[in-house]
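Scroll down for the structure; my scribbles are underneath it.
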Amino acid sequence: MARPVTPSFRERVYALVRSIPEGRVMGYGHVAAALGNPGAARQVGYGMAALPPETDVPWHRVIHSDGSLATKGDPVRLVVQRGLLMREGLQFRRDRLDMAAVGWVPATG
DNA sequence: ATAATGACTGAAT
DNA sequence: AATTCAGCCATTA
């Protein structure tokens, strides 16, 4: 089956996001930097936008670098994401997460 | 090949 | 602390 020998940036994003443990979150820029492209934060979010609703990628664990959530002009999706995060035990502080506490860095625990 | 797009980010106001 | 502006770069047409 068509499996690219050189996985696209998006593929790498999905793989990393899938490896984010429950109760932890990562910023778009952090994901991009972990993939070796510290300037491709927007591409990370763009990849999330292309995810189907039945995806196995925990896209809700990827948020803004400042701990807030992305809206993309769809406030409904925002509420859903917040619910998913709270369901994992994350605490919101005025519609924002404490990245210093719940922020996760791969290969470091 | 070029141009437009966009779940972002950091600095300045 | 909140808002605004310009830069960034992979994907799509």
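For the numbers below, each heavy atom of this structure counts, side chains included, while hydrogens, waters and symmetry mates do not.
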Closest to side chain of A/Ser65, choosing from C/dA2, B/dG10, B/dA7 |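 Nearest to the side chain of A/Ser65 among the choices is B/dG10.
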For the pair made of [atom1] in [X] and [atom2] in [N], what is the distance, rounded to whole Å?
X       : N      : atom1 : atom2 : value
A/Leu69 : B/dA7  : CG    : C1'   : 10 Å
A/Tyr28 : B/dG10 : OH    : C1'   : 17 Å
A/Ile20 : B/dA7  : CD1   : C1'   : 13 Å
A/Leu97 : B/dA7  : CG    : C1'   : 15 Å
A/Asp95 : C/dA2  : CG    : C1'   : 14 Å
A/Asp66 : B/dA11 : CG    : C1'   : 14 Å

Could you go step by step and tell me if A/Arg18 and A/Asp56 meet the salt bridge (Lys or Arg N to Asp or Glu O under 4.0 Å) rule?
-> CA-CA 7 Å; A/Arg18 267 194 222 99; A/Asp56 57 336; 3.1 Å; yes
For every nucleotide of nucleotides 6-13 of chain C, 5' to 3': is a protein heavy atom under 4.0 Å from its base (B), only from its sugar-phosphate (S), or from neither (-)?
-> -BBBBSS-
Set of side-chain hydrogen bond (donor to acceptor under 3.5 Å, both in side chains) partners for A/Arg96, sequence neighbours left out |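 With neighbours one apart ignored, the set is empty.
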Does the distance from a Lys or Arg side-chain N to an Asp or Glu carboxylate O, for A/Glu88 and A/Arg24, drop under 4.0 Å?
->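 Between A/Arg24 and A/Glu88 there is no salt bridge, as every charged N stays at least 4.0 Å from the carboxylate O atoms.
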Could you tell me whether the side chain of A/Leu35 reaches within less than 4.5 Å of the side chain of A/Phe9, counting heavy atoms only?
->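 The answer is yes; the side chains approach within 4.5 Å.
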CZ of A/Arg77: more than 12 outside heavy atoms within 6.0 angstrom?
->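 Check passes, neighbour count above 12.
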How many angstroms lie between CG in A/Leu97 and CZ in A/Arg61, if you round to the nearest 0.5 Å?
->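 One gets 12.5 Å once the value is rounded to the nearest 0.5 Å.
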